[in-house]
Structures are given as structure tokens and as C-alpha cells.
Amino acid sequence: MADPPPAAGASSPTLLTVEHLTMRFGGLVAIDDVSFEARNQHITAIIGPNGAGKTTVFNCLTGFYKPTVGRLTLRPPAGGEFLLEQMEGFRIGQHARVARTFQNIRLFPKMSVLENLVVAQHNKLMRASGFTVTGLVGARGYRDAERRAVELARYWLDRIGLTDRADDNAGNLPYGAQRRLEIIRAMCTEPRLLCLDEPAAGLNPRESAELNELLLFIRDEQKIGVLLIEHDMSVVMKISDHVVVLDYGRKISDGTPAEVRNDPAVIRAYLGEAETDELPPEVAADLAEEGRI
Amino acid sequence: MVAAVEGARKATRTVPAMAKDAVIFAAVSLALAIPLVGFYITDQGSTNTLHTRFGPMFYGVGVLFLGKLALSFAESSEAIARRIALIGSALAVLWFVIAVTGVVQDDNQVLGWFTWIVVVAVAVRGWVESRRSGAAARAIATAEGTSLGAAVARLGRFLGPLFIGIALVAPFYAAAIDDKRLVDLGVLIFTYIMLGWGLNVVVGLAGLLDLGYVAFYAVGAYTYAVFSVKLGLNFWETLPVAGALAASFGILLGFPVLRLRGDYLAIVTLGFGEIIRIILLNWAELAGGAQGIGGIERPSFFGMPFTASPPEGTTSFNEFFNIEFSPMHRQIYLYYIILLLALLTNWFTLRIRKLPIGRAWEALREDEIACRALGINPTNTKLTAFAIGAMFGGFAGSFFATRQGFISPESFNFLESAIILAIVVLGGMGSQIGVVIATIVLIGGPEWFRDLAAYRMLAFGGLMVLIMIWRPEGLLAHREPTIRMHSQKRSA
Amino acid sequence: MAYFLQQLINGVVLGSIFGLIAIGYTMVYGIIGMVNFAHGDIFMIGGFVTIITFLVLGAIGLTWAPLALLLMLVIAMGFTALHGWAVERVAYRPLRTSNRLAPLISAIGMSIFLQNYVQIIQGARNKALGTPLISGSIQLMERDGFAVQITYMQIVIVVLTIVLMVGFTMLISNTALGRNQRACEQDMRMARLLGVDVDRTISLTFVMGAALAAVAGMVWLLYYGIIDFYVGFLAGIKAFSAAVLGGIGSLPGAMLGGLLIGLIEVFWSAYFSVEYKDVAAFAILVLALVFRPTGLLGKPEIEKV
Ligand SMILES: Nc1ncnc2c1ncn2[C@@H]1O[C@H](COP(=O)(O)OP(=O)(O)OP(=O)(O)O)[C@@H](O)[C@H]1O
Ligand SMILES: [Mg+2]
């Protein structure tokens, strides 16, 4: 197996710091005192069995849940600091510019692909349209801004090969295309940190390979940080620079893919005490591929 | 696959099975009819008298029985059986009409109508069903709704100007044949079109279910009424104030409640509509209480009133133009005012749909969570939709006040809200032309049957249910993208 | 104090009525997530069936109050439940998989239809019961020349409501039907896969809601002695407010919400102004939703993303 292509800046600055994050739902502790860091221009993978609390971490980061305890700090490379846990949901997207996708795709299905991408540039365009006033009378400035918005959309559509379908309803795209569209919609917000919740779920091997390429492109060319939740170990091992492993809401391991792969705690979490021949086929296959069985 | 299964089930149904169905159907109908149709109460003073109405009841149930039977036959898989059964059962129903009408006395007119509705329904349904079945039919209906909408949208380029052209010259035609009622109807239709377009911003675009839209209509109407009667301001001076005030009410209401889930929002807006009405009903000093406000200034044409004998120092419209006085003039002038206001609403909506705020409304309707993740402020965005919708409601309300010259809380009840909402939803949410068509169907049509008020509303309610079942997305459920990357030809 | 006590009694009685209607709203909302807008009109139909049954019983000479009451109750519940069933079958079932607005619009259409249907077949005028079925009262206390009274009718109403509530709660918590209902609430598709007859469960939910609304309609008629085709609109909205106030989806919540709305309305009329009593109910609804959207007894709910 080829080594993962190295991240551009091995010493790139820390973008996100998660400290003592805890999230309780009534009696259920979904996340229990988790701390980790994510660097700029790195792909940081969060892995763990079902129900480990991965999506909940994203929901805390993007303001959908208020963490019970914890501090979430975003430090853009250009300077400044955002305390995400204190910000209202939509402001995290607007000001801190943390963008995300969802485990179960959330597009605007009855709007066209292009509209999906233009809506993502809402705040920029709102300002350009003079908060609707000058836009209403058709001022020049707004028309230019809209043209640039379409250009940005075209740039990303070209990347994922969906330019031809720009005017179709997003809901009519095939599943894999919807997944990619959701990612580039998030990219159209020009984020500092991109959070992807199982982007490879349900993709075939070819689509999955294309996705890897897209993510590496985003990391290396857009120079932003990526947080990636993923079950597919081959994807994680191939493209991530850093891996955080959660189990039952607790962080059980944290390190480079190679370190995590050999961590006994991780193996236990995934294998339990079971015999290897009782493993679910996907897990067994993944492990086999990685030469562990 | 579901369609195939259903088709197979229908095809293998035997005559006894169909008869059994019809018997069950009739039995349920009978059970429903016994207490409320079979008996009725009349009262003289405080003593009630109970009457029976079994003849008409059995007659009605009989019609339903035969209708259901005919429908089953018509849905049968054998073409010939289908046709024979259809004709045979239609004849049977007809025979029933003739034979039993004697039994029925004063209700026979209604029952005649009822019978005919059933016959027509069976015929139409049978004809449609004979070509396709069940779930497939529904899928096709939806697809048809969309493609019909698409066709109308394509034609829109011609239809729009055509409609406007007709709307512009219609009063001249009415004047030529001297039909005041026609102009009145035109005014009424355009009032509802304007209201529909205003509410379309809130419900159709932003997806916020507002059941109290009439409150803003009332605010606009009372604003003009009070300003006119107490301060002597005229219509055009008050119009912006009325719009602004209605919009403020929209924001006032919207601010606390727009976070709520869709159905909750619906009920709260409904409650708000009722609150406004009750306040108007009880606020005697300013709003005149139940009596309302009369003597509201009618509109004048650049200061020239439409009266036969103008007050001292003013010239009336007909004197100025040196034409003979006719009450039609004012009517026609009102018509043009509402046409102008409605077209303004339409222009505004079409325009704002293509602005970021308009797109954000639609995006919110589709998925609020995704919007939040993209940094869109849901509360402010919804609030704008609410305020703008309310503003148009306020404009329309002012117009209503100047048109009537008299307003009272009675005009602003929940039913009005329901009618406006029905126009928006039945037309196809977000479709501007759908609003026009739905208004003509729902307001224009029944307006000719004014005398049958209760029947009219009965049909109105029934129609709402039927259209929803038939086309849950509305009559013209088609949406054109607000921005395109490729020219339209290529994508088609 | 005496005046207060009297109002308290009146409020509890009115609250019982709202509570009985609210259960129908809350159950339907719980299971299919829609506001059954026509439920208020089902309540109205319950009242009409009651008055007609009353007159029929009178016509055949059955006037012994306890038996007449029992028969009215059973007949009204039966026929009204059938109406509830039919409404679901005709107007909602075909729309179960469609968008969120369609069933609500259909329900509003149904409500308009039912109102006008009753207006046409029974006339637009008030229908008065005439002679009260149960008369007489107990004087609880007298102070400052003000006598606190509780009528036998009020006692019957409250006892009836309590008995029905207890029976109904037992029905829901102890039978397969209740279990099926809860299964459908949680996950309709999964319930179907596990062999729950979803259609039947939903139908029965409507039937039960309508039966309780019929009781409310009967109680309304007995208490106020008068009913008209429009009565379901306001009563329905208030009952819905009650359901929301109590926490929609929660049966005890519906009852509690009903009581509160009834008390608020009565006290507001007694101490402030009768004209604005409906405003009070709505204002409470708005406040409740703004400050506690899950209602008093509803479970707090975090949107799962
Ligand atoms: N809003 C909520 N209310 C109650 N419990 C919740 C909520 N959101 C998440 N949970 C619980 O928190 C735990 C973690 O859920 P989460 O969705 O974060 O898991 P996950 O790691 O993303 O799993 P998967 O791989 O299946 O997506 C689960 O037990 C889940 O049921
Ligand atoms: Mg997850």
C-alpha cells in the first residue's frame, strides 16, 4: 500500500482546539471529556464504532448542540480567535467559517445544483445586494457579485464534473453526485475548516477514489483544515494526516494513521474480545488489507 | 411494483367482491347519515321539534351505493365489461333518479344535484381509472402537475402579457356592455390575487404556514379607515403608512414565534388573527367595535372625486373630462388601482426571488438545518418574509377599505385567511400564475353562486380536500430555477 | 373568596371539556405529526348527535335521566367516532406520505366542509336543549351574600371526565393497541415491518379521539344547553392550545393544559373582561410556546441532525 501523500505543512499551525468536550443527553453521555487538536492543511480523521459520538462532536462544533462542558477554539492562520461553543449556530458558518456536510445528505432538493451553490454564498451576496435594497433596483454591483458567485460555483462544479447538470434539481442527482455536491456547497462558503460526516458512505470504489482526490485537493490547494468522519478504513489510512479514535464517547487513541493502527486500545475497541473469524466482513476485509490478519 | 400489485388485485376482483365493497361503503355512509341527515331539528322559540328525513337519506345512500358499484365495474380489467358496466350503472342511477324523485319532496333539487355530481364523478373517475390504476395514477398526476406547470411556465412569456392585456382592456368591455357586476368581480378577483401573491411570499417561498394572514389585511384596512375618518388623509397618503404598520405587526408577531415548528407557527398565527379581530370588535373608541367604521373616503382621481355633485370648490372626475356622470367610473378606477397594486406585488416577488434573500427563503423552506450550517440567519430571513408578506396584506387592506367605504371586524375572520391560503396552496406553492388560476377557480367560479352561501363553502372545503388528494403539490407545481448556468435550450 | 371558589368550580368544568378535546389533538399529533384541524368540528358533531339522540329518546318516551344519559353517551360516542374514522380515511390517509403542508390544508378543507355540512343539514340557528336533564345544586358555602354552588350537572361532568380519563389511560398503557400506538409514534416504518397494522392503529387513534370529543360535545351541550355549527372552531383552537400548553403528545399534559386553559378563561372573564377571554387563551398559548415550546409535561427535544 502506497504511503499517504504527506501534508504540505507538517508543522502547520493548529486550527482547532477541542478541550474537555462533554455532551450529555439526559442520562446519556454521548461525549465524555474529549480533547484533541486539528491543524490547518491537515486532514484529521475522527473514527470510532457506531454511536461513538462522532457526529455529536460535529454538532457541537457547528453550533447545533451546546456542549455541556468544554471549550472549542478556532484560530484562523491569519490571526484572531473564535470560541465556537459560545456562538449561535449560524454565526459559526458566517463568521468563524466552519462548514460542514451531514451524514444523511441535506441538500435543497427542489432547487437547482447551481442555486444550491449560490445560496451557500448568501452572506457575501447579501452585502453585495445592499441587503436587498440596491439589488432590487438592479444595481451594477450586485450583478457583478452574482456573476462572480456563479464563477466560483462553476470552478467547483468543474472539479467534480457536474457542470453539465448545473441547472438540474439537486434532488434528481444520483447519490454519489449528491454527496460531492454537498461537499462543494460547503466549499462555496469559503470555509477555514471543513467538517465532513461520512462523505464516502454509499460510494462505489471509483467514486471513493475520486473523493480522496477531491479531499487532498482541498487540503493542498485551498489550504484549509479538514475534519473527516469516516468508517472506511482504507480511506482513513490513505488520506488522513492525523486520526482521533472515539469509543463510547471517550477518546481512546490519537496519532498518525500508523500509530493508531497499532494501538492495542483501538484494536480492542474494534475487535472486542471476539475471535477474528466472527468479525463483520467489512472490518475483516479492512484489517486484511492492512495486513493485520 | 405497487401499481402492478394493485392492478392485479383489481383485475381479479369478482362481481360478488365488488358488490360486497359497495355494500360496506353504503353501510358506512348510511351510518354516517342516520343521526344528522336522517333527523333534523327545527325550533320555535324554546321548543324543539324533531323531524325525519329518511326518504332523502335512503335515496342519497342508494346513489352512493350504485355509484360505488359502477366505479368498481369501471375499474375492472375487461374493457367490454367496463364499458357495459359503466353505461348500465349510469342508467341505473338515472332510473333511480326518476323513480325515487317522487318520494323526495322539498329536498329534491339538492338531491338531483347530488346525484349528478356522483354520476359525473363516477364517469370521470371510471374513464381515468380505465387507463391506469392506483399508485401509478397518483405518480402520473404529480408528474402531470409538474409538466403542466412547466408548460404553463414556458407559455408564461406569452401568457403573462396576454393576461395583463386582457386585464387592462376588460373594464372597457364591461363599460361597453354596461355591466357593473363584471367590474366588481374583476376588483374582487384582483384583490384576492394580490392577497394570494402577498401570502405566497410567506407560504410559497419561505414555507412558513401563516393562518392569520387576514390580520395584516385588517391592519391595513383599519389604518386607512382611521386615518381617513379621524385625520382626513387620503388613500395614497395612507398607503405607505398602512404597509409599514402591517409590516411592523408582522415583525412584532414573527419575532417570538418564528422559531417554532411549522404546525405550531400555523396555530399561533391563527390565534394572532383571532386576537386582532377580537380587539377590533371590542375597541369602540378607535375601531368602532362591532359596528366598524363607516364614511371612509372613497378614492379620488388626483383630487377629483367620483361623484355626481362634487363638494364646493372641487371638480368631479366627469366634469373635468366633460363626460356624463356614471357610477361605473369609480368602479373602473378602483379596478385599475388594484390591478396596479397586484402587478406591483407580482413584480416585486419575481424580482426578489432572484435576490439572495429570496433564494434564502426557498432554501429555508427546503432545509432549515442546512441553511444554518451555511451561515444563513434563519430568524432574520423568515422575519423579512413575514414582514414583506404582511406589507402587501396591508396594502390590500387599505384598498379594501377605500373600495367598501365601510369596514367591520366581520370581514376579517379566519375563513378569509383560509381562503387566501387555499389560493396559494392549490395554485401550487410558489407559483405566481398558479395563484391567478386558483383565484379564478375558487373566487370567480363560486361568486356566481353567491345566493347559495353555505353550499358554496361546502364545495369550497370539499374542493380543498379533493385537490390536495389529487395533487398534493398544487395545481401547477413547477419551479423554474432563479439562475441558470446554461441557456435553457441546452438543458432541455 | 366565595366568588373565587365559584369561579374555580366553573373553570374546572370548562377545563374538563377542553381537556377531553385536547386528547384527540395530542394523540393524532403524537402518532402522525399533524394538527387535525377538523377535530373541533368532530366535537361539534358530537354535540349535534347528542341533541338529536336526546330528542329521539324523548319522542319514544325514554326520559329516566340516568338511562337517557348513558344512551346519549354511547350513541354520541359511536356515531362521532365513525365520523372521526371517515375523516381520516377520506382526507388524511391518501396524504400520509406527501409533504408536510398537504394534510394540514386537507384538514382545514375538511373543517370548512363539516361546518357547512352541518349548517346545511341542521340549519344555521342555535339548537337549544330546552329543559335541563339534570337540575339542582348543592350550596357549598355562603359569605357576604354570595353563595357558592356546585350543580349536580357540574358534578356529573367532572366525575364523567375523571372516569373516562382513568379508563382511557389504562386502555392506552395496558393494551396491545396502546403499544402499537407508541411503536408507530417512534418509527412508523419499523413498526410496519414488525407486523404492526399501522393503518388500523392510526384509524383507531382517530376513533378514540373522536369518541372523547363526542363526550366533550355532549358535556358542552348539557352544560351550556345550546350548540351551533360554529362552536367547534373556537373550542377546537382552545383545546389545541391546551394540548400544546400541556406538551403535545402527552395525555396527562392534554388534561392539565385543558384545565389551565379553562381556569384562565374563567378567571379572566370573572376578574378582567369577558370580551377579551379568547385573547387570554391565545396569549397564554403564545407565551407557552415562546418560553417552553415543549409544553409543561412534554419531553424536551433536541433536534437530531
Ligand atoms: N439529540 C440527541 N438526543 C439524544 N441522544 C443523542 C442525540 N444525538 C446523539 N445522541 C446519542 O449520542 C450517541 C452518539 O451519537 P452520534 O450520532 O454522535 O454517533 P456517531 O459516532 O456519529 O455514530 P454513527 O457512526 O452511527 O454515525 C448515540 O448514542 C446517540 O443516540
Ligand atoms: Mg454519525
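Lettering follows sequence order; numbering is per chain, from 1.
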**Q** Heavy-atom distance under 4.5 Å to chain B: side chain of Val118(A), backbone, both or neither?
**A**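 Side chain only.
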
**Q** Evaluate the ring planes of Phe386(B) and Phe216(B), with Trp represented by its six-membered ring, and classify them as parallel (under 30°), tilted (30 to 60°) or perpendicular (over 60°).
**A**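 Phe386(B) and Phe216(B): perpendicular rings.
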
**Q** Does Glu146(A) form a side-chain hydrogen bond (donor to acceptor under 3.5 Å, both in side chains) with Tyr142(A)? I'd like the steps, not just the answer.
**A** CA-CA 6 Å; Glu146(A) 194 181 66; Tyr142(A) 172 66; 2.9 Å; yes

**Q** Considering only heavy atoms and a distance below 4.5 Å, find which of Val98(A), Leu157(A), Thr62(A), Asn123(A) pairs most often with chain B.
**A**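 Sorted descending by pairs with chain B, the first entry is Asn123(A).
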
**Q** Checking Arg97(A) against chain B: side chain, backbone, both or neither under 4.5 Å from a heavy atom?
**A**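 Contact with chain B is absent: no heavy atom of Arg97(A) under 4.5 Å.
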
**Q** Any idea which of Asn377(B), Ile357(B), Ile483(B) has the most non-hydrogen atom pairs under 4.5 angstrom with chain A?
**A**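 Answer, by heavy-atom pair count under 4.5 Å with chain A: Asn377(B).
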
**Q** Sequence neighbours excluded, which residues qualify as side-chain hydrogen bond (donor to acceptor under 3.5 Å, both in side chains) partners of Arg159(A)?
**A**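 Here no residue qualifies.
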
**Q** Select one option (side chain, backbone, both, neither) describing which atoms of Thr189(A) are under 4.5 Å from chain B's heavy atoms.
**A**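 Only the side chain of Thr189(A) comes within 4.5 Å of chain B.
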
**Q** Considering only heavy atoms, which portion of Leu107(A) lies under 4.5 Å from any heavy atom of chain B: side chain, backbone, both, or neither?
**A**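 Just the backbone, heavy atoms under 4.5 Å.
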
**Q** Below 4.5 Å, heavy-atom pairs only: which of Glu88(A), Arg91(A), Gln94(A) has the largest tally toward chain B?
**A**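 Ranked by heavy-atom pairs under 4.5 Å with chain B, first place is Gln94(A).
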
**Q** Compare all side-chain heavy atoms of Glu362(B) with those of Arg359(B) and state whether any distance is below 4.5 angstrom.
**A**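 No. Closest side-chain heavy atoms not under 4.5 Å.
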
**Q** ring-ring contact (aromatic ring centres under 6.0 Å, His included) with Phe58(A): which residues, sequence neighbours excluded?
**A**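 Testing Phe58(A) for ring-ring contact (aromatic ring centres under 6.0 Å, His included), a comparison that skips the adjacent residues, returns none.
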
**Q** Can you confirm if the NZ or CZ of Arg185(A) lies within 45° of the ring axis of Phe108(A) and under 6.0 Å from the centre of its six-membered ring?
**A**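 Geometry flag: set, cation within 6.0 Å and 45°.
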
**Q** Using heavy-atom distances under 4.5 Å, tell me whether Trp347(B) contacts chain A through its side chain, its backbone, both, or neither.
**A**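 Contact with chain A: side chain only.
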
